[in-house]
Structures are given as C-alpha cells and as structure tokens.
Enquirer: 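First the structure, then my questions, so here it is.
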Amino acid sequence: HQATLLGSFFKDEELDKIYTSKLRRTNETAALALPGRKNEFIRKIELNEINGGDWEGLEWTTLEVKWPDQYHKWIEEPHLACLPNGENVQELYTRSVKALNDIVMENRDDSTIAIFSHGTVIKAIIAYIHGLPLEALKIIAWYENSSVTKVIYENNAFSLEFYDNHKHLPNSVKTVANSPWGSSMKLTCKY
C-alpha cells in the first residue's frame, strides 16, 4: 500500500533513469510506484541493504539473545558493528557511496533519477553528503518506508533538497512513526 501511495509522489516527475537494489522488496516497491516501467530498472547490488549474515530473517528479540554484544553494538555504536557472517557498516558505506558516485557519472548533468534502496544505505549516503563520520549513523533517523529523499548534484557537490518526505503516506500506514522505537528516533534525529 505504501508503494502504491509513493506513486502519487512521482506522478508528475519525468524520470530519465530508475535504479534499484537487487533485492526483491525494492523492485516490488519501484514497480508499484512506477507502473509499467519495470523493464527500465537498473539493478545495482551496491544499493542492497546491509548484509545481515546470520541475522537475516530473524526477529530482533532473537538477535539480542543469540548475539548480545553485536546486537547492543548495532543499537549503540552501529559504526562498529560487524554482523556475524555479514557486512560491517564501513563496507556498506563504501559501496553505497561508490554506487551514488557511479550513478552520477553514468548520467547527464540535467538527469532526473530515482533510486530505490534501503534504510542503512540511505543513512550512509546522508552521512556522506553531510561530511559526517560513521559515528553519526546513530543520530540519523530511520526513514519511513516509501519516503523520498531528494539529492541534488551540482558543481561537483552533493546536497539535500529534502529528506524523509512522507507526505504522500497517511499516518495509518507509516511504519517507523507507528513503531515504539521509530517515534523516539524521529524526535531525536539531528538530520
């Protein structure tokens, strides 16, 4: 439902290219938001969410019990977390920033591009654009599913026009705002 509502955000946008991660959920989101354009998607593995390794598919409560040290590090110091048999945040940051810069280099200066990705990737890109260290990931809020962040690339520099725009989503379908942890994160976010 969120993805379909996202389509209302893009209804008047002329998109030159559409990039997605290789994960199913971003492709499904993009297909619902941009009906009829699925064949145009450029899938980049570098836009995938952090590889959770042994954590993939498990409940948060299970992670806290099985891997208490890494779980608390992920919550308190995500920049130092290394997910068991998965990625660490530095690896995610490096590939996310590379993907963003590669996309810019692959396109004309006047291009309008949509990128469908994931929360940790978006947080890493926000840190990069603001010139923040990885430690800042803790204070960059988790974004609403199907929200929009607009990045401008001009004069060889990135800037944000807006971030976490979710005006197209009614409160009843917001994921982060309706979660116990999400509402507090939104209140404490500095970016």
Enquirer: Identify whether L160 and F116 are in the same connected component of the hydrophobic contact network (ILVMFWY, side-chain heavy atoms under 4.5 Å).
Expert: no
Enquirer: Rounded at 0.5 Å granularity, tell me how far CD in E28 sits from OG1 in T20.
Expert: 11.0 Å
Enquirer: Taking atom CD as the centre, does E59 end up with more than 12 heavy-atom neighbours from other residues, nucleotides or ligands that are less than 6.0 angstrom away?
Expert: no
Enquirer: Look at the side chain of K123 and the backbone N and O of I140, then say whether any donor-acceptor pair between them is shorter than 3.5 Å.
Expert: yes
Enquirer: To the nearest 0.5 Å, tell me how far L100 CG sits from I129 CD1.
Expert: 6.0 Å
Enquirer: So, does N27 use its side chain to make a donor-acceptor pair with the main chain of S21 at under 3.5 Å?
Expert: yes
Enquirer: Where the side chain of Q2 meets the backbone of V173, is there a donor-acceptor pair that is under 3.5 Å apart?
Expert: yes
Enquirer: Are the side chains of K44 and I103 in touch, meaning some heavy atoms are under 4.5 Å apart?
Expert: yes
Enquirer: With a 4.5 Å limit on heavy-atom distance, are the side chains of I42 and K17 in contact?
Expert: yes
Enquirer: For W55 and W67, take the angle between the two ring planes, folded into 0 to 90°, and tell me which bin it lands in: parallel under 30, tilted 30 to 60, perpendicular over 60.
Expert: tilted
Enquirer: Minimum heavy-atom separation for D16 and S111, please, with both atom names.
Expert: OD2-CA, 3.2 Å
Enquirer: For residues L34 and L47: do they belong to one hydrophobic cluster (side chain heavy atoms under 4.5 Å, members Ile, Leu, Val, Met, Phe, Trp, Tyr)?
Expert: no
Enquirer: Hey, what's the ring geometry for Y93 with Y128, parallel, tilted or perpendicular (30° and 60° as the breaks)?
Expert: perpendicular
Enquirer: Please check this pair: side chain of S147 against backbone of Y143, looking for a donor-acceptor N/O pair closer than 3.5 Å.
Expert: no
Enquirer: Step by step, would you call E56 with N51 a side chain to side chain contact (heavy atoms under 4.5 Å, CB included)?
Expert: CA-CA 8 Å; E56 293 288 339; N51 177 347; 4.2 Å; yes
Enquirer: Is the shortest distance from a Lys or Arg side-chain nitrogen in R37 or E40 to a carboxylate oxygen in the other one below 4.0 Å?
Expert: yes
Enquirer: Determine, for E46 against R95, whether the closest basic-nitrogen to carboxylate-oxygen distance falls under 4.0 angstrom.
Expert: no
Enquirer: Should the pair K167-E144 be classified as a salt bridge under the 4.0 Å nitrogen-to-oxygen rule?
Expert: no
Enquirer: Quick one, W142 with I122, criterion side chain to side chain contact (heavy atoms under 4.5 Å, CB included). Give me CA distance, side-chain angles, the key distance, then yes/no.
Expert: CA-CA 9 Å; W142 291 106; I122 294 168; over 6 Å; no
Enquirer: Applying a strict under-4.5 Å side-chain criterion to I, L, V, M, F, W and Y, I'd like to know whether L32 and L15 cluster together.
Expert: no
Enquirer: Would you say that H79 contacts Q90 through its side chain, given a criterion of any heavy-atom pair below 4.5 Å between the two side chains?
Expert: no
Enquirer: Any chain of hydrophobic side-chain contacts (each under 4.5 Å) joining I18 to L23?
Expert: no
Enquirer: Report, as yes or no, whether the 6.0 Å neighbourhood of atom CZ on R24 holds more than 12 heavy atoms from other residues, nucleotides or ligands.
Expert: no
Enquirer: Please test D54 against L83 for side chain to side chain contact (heavy atoms under 4.5 Å, CB included), starting from the C-alpha separation and ending with a verdict.
Expert: CA-CA 7 Å; D54 296 341; L83 307 185; over 6 Å; no
Enquirer: Identify the two heavy atoms, one from E91 and one from E87, that lie closest to each other, and give their separation to 0.1 Å.
Expert: OE1-CA, 3.3 Å
Enquirer: Within this structure, what is the CG-NE2 distance for the pair L63 and H72, rounded to the nearest 0.5 Å?
Expert: 10.5 Å
Enquirer: Is a side-chain donor or acceptor of T149 paired with a backbone partner of D164 at a separation under 3.5 angstrom?
Expert: yes
Enquirer: Of all the heavy-atom pairs spanning P78 and V89, show the shortest one and how long it is.
Expert: O-CG2, 2.9 Å
Enquirer: Do the side chain of N48 and the main chain of K22 share a donor and acceptor less than 3.5 angstrom apart?
Expert: yes
Enquirer: Output yes when a side-chain donor or acceptor of N178 lies under 3.5 Å from a complementary backbone atom of N171, and no otherwise.
Expert: yes
Enquirer: Strictly distance-based, threshold 3.5 Å: is any side-chain N or O of N155 a donor or acceptor partner for the main-chain N or O of A157?
Expert: no
Enquirer: What distance separates I139 CD1 from L132 CG, expressed to the nearest 0.5 Å?
Expert: 7.0 Å
Enquirer: Could you walk me through whether L92 and E49 pass the side chain to side chain contact (heavy atoms under 4.5 Å, CB included) test, one step at a time?
Expert: CA-CA 8 Å; L92 170 117; E49 182 58 285; 4.3 Å; yes
Enquirer: Might you point out which heavy atoms bring A31 and F41 nearest each other, and give the distance in Å?
Expert: N-CZ, 3.6 Å
Enquirer: Rounded to the nearest 0.5 Å, what's the gap from NE2 on H118 to OG1 on T29? Could you check?
Expert: 8.5 Å
Enquirer: Given 3.5 Å as the limit, does a donor-acceptor pair link the side chain of E77 with the main chain of K73, or not?
Expert: no
Enquirer: Are V148 and L6 side-chain neighbours, meaning at least one heavy-atom pair lies under 4.5 Å?
Expert: yes
Enquirer: What is the ring orientation for F9 with F162, classed by angle as parallel under 30°, tilted 30 to 60°, or perpendicular over 60°?
Expert: perpendicular
Enquirer: Can you tell which of N107, T26, D102 makes a side-chain hydrogen bond (donor to acceptor under 3.5 Å, both in side chains) with Y19?
Expert: N107
Enquirer: Any side-chain heavy atom of S146 within less than 4.5 Å of one from T4?
Expert: no
Enquirer: If you take all heavy atoms of S8 and L5, which pair is closest and at what distance?
Expert: OG-O, 2.6 Å
Enquirer: Might you point out which heavy atoms bring V121 and S96 nearest each other, and give the distance in Å?
Expert: CG1-OG, 3.5 Å
Enquirer: Look at the side-chain heavy atoms of Ile, Leu, Val, Met, Phe, Trp and Tyr, link any pair under 4.5 Å apart, and say whether I50 and L80 land in one connected group.
Expert: no
Enquirer: Are the side chain of T62 and the backbone of L58 linked by a donor-acceptor contact shorter than 3.5 Å?
Expert: no
